[in-house]
Structures are given as structure tokens and as C-alpha cells.
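This report concerns only the one structure given below.
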Amino acid sequence: KAGVTQTPRYLIKTRGQQVTLSCSPISGHRSVSWYQQTPGQGLQFLFEYFSETQRNKGNFPGRFSGRQFSNSRSEMNVSTLELGDSALYLCASSSDIRGGYTFGSGTRLTVV
Amino acid sequence: AQKITQTQPGMFVQEKEAVTLDCTYDTSDPSYGLFWYKQPSSGEMIFLIYQGSYDQQNATEGRYSLNFQKARKSANLVISASQLGDSAMYFCAMREGDGLTFGKGTHLIIQP
């Protein structure tokens with residue numbers, strides 16, 4: 001059974017640009033959530049999608065957005081990148097039953 | 001107030017000893033789930049163990065067990081017979097609705 005796949009693994013962008021990260025969940029999982037991990041703030045919840053609907057959103061500016069497609073794959077977009085957006089972005093999928101979330105390997109974004 | 005508190009930023013433990021990683025949580029929701037994840041230096045979050053708020057017994061998964069004390073809002077992870085490969089960051093997390101709230105983590109180093 002394939003795990004959660006995140007692409008790309010590494011990304012370098014310039015301030016002011018925008019970026020799109022992709023997450024393919026485990027087959028059959030309909031819930032996808034996104035997290036930002038930085039040394040200073042730790043792991044922070046960005047948003048969660050279920051059946052193409054955003055169910056919850058963390059405390060992040062509107063520059064951070066996401067969506068989920070009918071095949072449960074999800075993308076997150078960050079516009080007008082800032083240096084502080086440099087982080088490891090983790091995606092997790094869930095079948096919405098006991099056992100919780102399975103994480104992908106993450107996308108490491110560096111903004112220069 | 002922090003929802004998840006991990007009071008041990010770092011721990012050094014001798015190989016083969018048992019380890020207890022502390023976690024306290026704060027919620028007024030009667031239905032919640034508690035998770036422990038391991039994050040090696042590669043960055044991937046590895047699910048270790050889950051405890052539901054209505055579970056009567058402490059969860060166990062191989063060498064991992066969760067010491068769940070609901071009245072104290074405590075969910076400590078116990079690793080029996082530690083191994084060198086257990087060296088990593090360990091995160092306690094809680095799910096109240098959608099998404100996970102993480103603690104700051106404990107950096108565990110197993111010494112030979």
C-alpha cells in the first residue's frame with residue numbers, strides 16, 4: 001500500500017514568488033491536512049480537507065490556501081512568499097477512523 | 001495557554017533502559033484523541049501510538065505504551081528497552097476536531 005506522497009521534496013523560491021505543493025494521500029483516505037514546521041514555531045496546523053471541502057483552518061494569513069480534488073489529492077499554495085515561510089511543509093492523510101494520520105516525507109521550502 | 005505541553009526539551013538515555021516522555025494536554029472537549037509521533041533527522045513523521053479519550057485501557061504498540069491519566073490530562077509515552085535507533089524527536093499531539101495540535105517535542109538521544 002503506497003504511503004502519502006508529497007512533491008516536490010525540496011524547493012527554493014525567491015521572495016514575492018508563489019509556490020504550489022502537492023500531496024497524494026493513501027488510497028481510500030478522504031481527509032488531508034497540512035502542517036508547517038519551523039524551528040521557532042514548531043509544528044502548526046494549516047488546514048484540513050475532507051471530500052473537497054475545507055473543514056478547518058489554522059491561524060495563518062490568507063496567503064496560504066489549499067484545495068482538494070475529487071481523487072482526494074490536495075495542493076497548498078503560498079502566494080507572495082516571505083523569508084519566514086521557509087519551513088518543512090508536511091501533509092497527512094486520514095481515513096477518519098481510529099488510528100489517526102499518516103504523514104508524507106514533507107516538502108522543504110527555502111525562500112531566499 | 002498551550003494545548004500540548006512537553007516539558008523535556010532533550011533527554012539522554014542509556015541503551016536498553018526504559019524511557020518515559022512526558023505530555024500534558026488541555027481541552028474541554030470530552031471527545032479527543034492523543035497521538036505520539038517520532039521524527040528522525042530525515043523529517044518524516046512516524047506514527048507510534050494512539051489513545052482515544054473514551055478508551056478504558058492504556059494503548060500499547062510493541063515497545064511503546066501510553067500511560068494515560070485522564071484526570072491529570074497526562075499522556076506519557078513509555079519506550080521499553082530503548083535502542084540506538086530510537087534517537088529522534090518525539091511529538092505528542094491531540095486531535096479535538098479537525099487537524100492535530102502538536103507539542104514542542106522532546107529530543108531523545110540513546111547512548112550506547
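Per chain, numbering begins at 1; letters A, B, ... match sequence-line order.
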Applying the 4.5 Å side-chain criterion to the ILVMFWY set and letting contacts propagate, would [X] and [Y] be lumped into a single cluster?
| X | Y | result |
| --- | --- | --- |
| V112(A) | L11(A) | no |
| Y90(B) | F12(B) | no |
| F35(B) | Y64(B) | no |
| V19(B) | M89(B) | no |

note = Under 4.5 Å to a heavy atom of chain B? For L43(A) that would be both

ask   = What part of Q37(A) gets closer than 4.5 Å to chain B, counting heavy atoms only: side chain, backbone, both or neither?
value = side chain

remark   = Under 4.5 Å to a heavy atom of chain A? For E61(B) that would be neither

Determine the minimum heavy-atom distance between [X] and [Y], stating which atoms define it.
| X | Y | answer |
| --- | --- | --- |
| G104(A) | E44(B) | O-CG, 4.0 Å |
| R9(A) | S42(B) | NH2-O, 4.3 Å |
| L100(B) | Y35(A) | N-OH, 2.9 Å |

request  = Mind checking the CZ-CG spacing from F102(B) to L90(A)? Nearest 0.5 Å is all I need.
outcome  = 8.0 Å

ask   = Checking Y101(A) side chain against G99(B) main chain: does a donor-acceptor pair fall under 3.5 Å?
value = yes

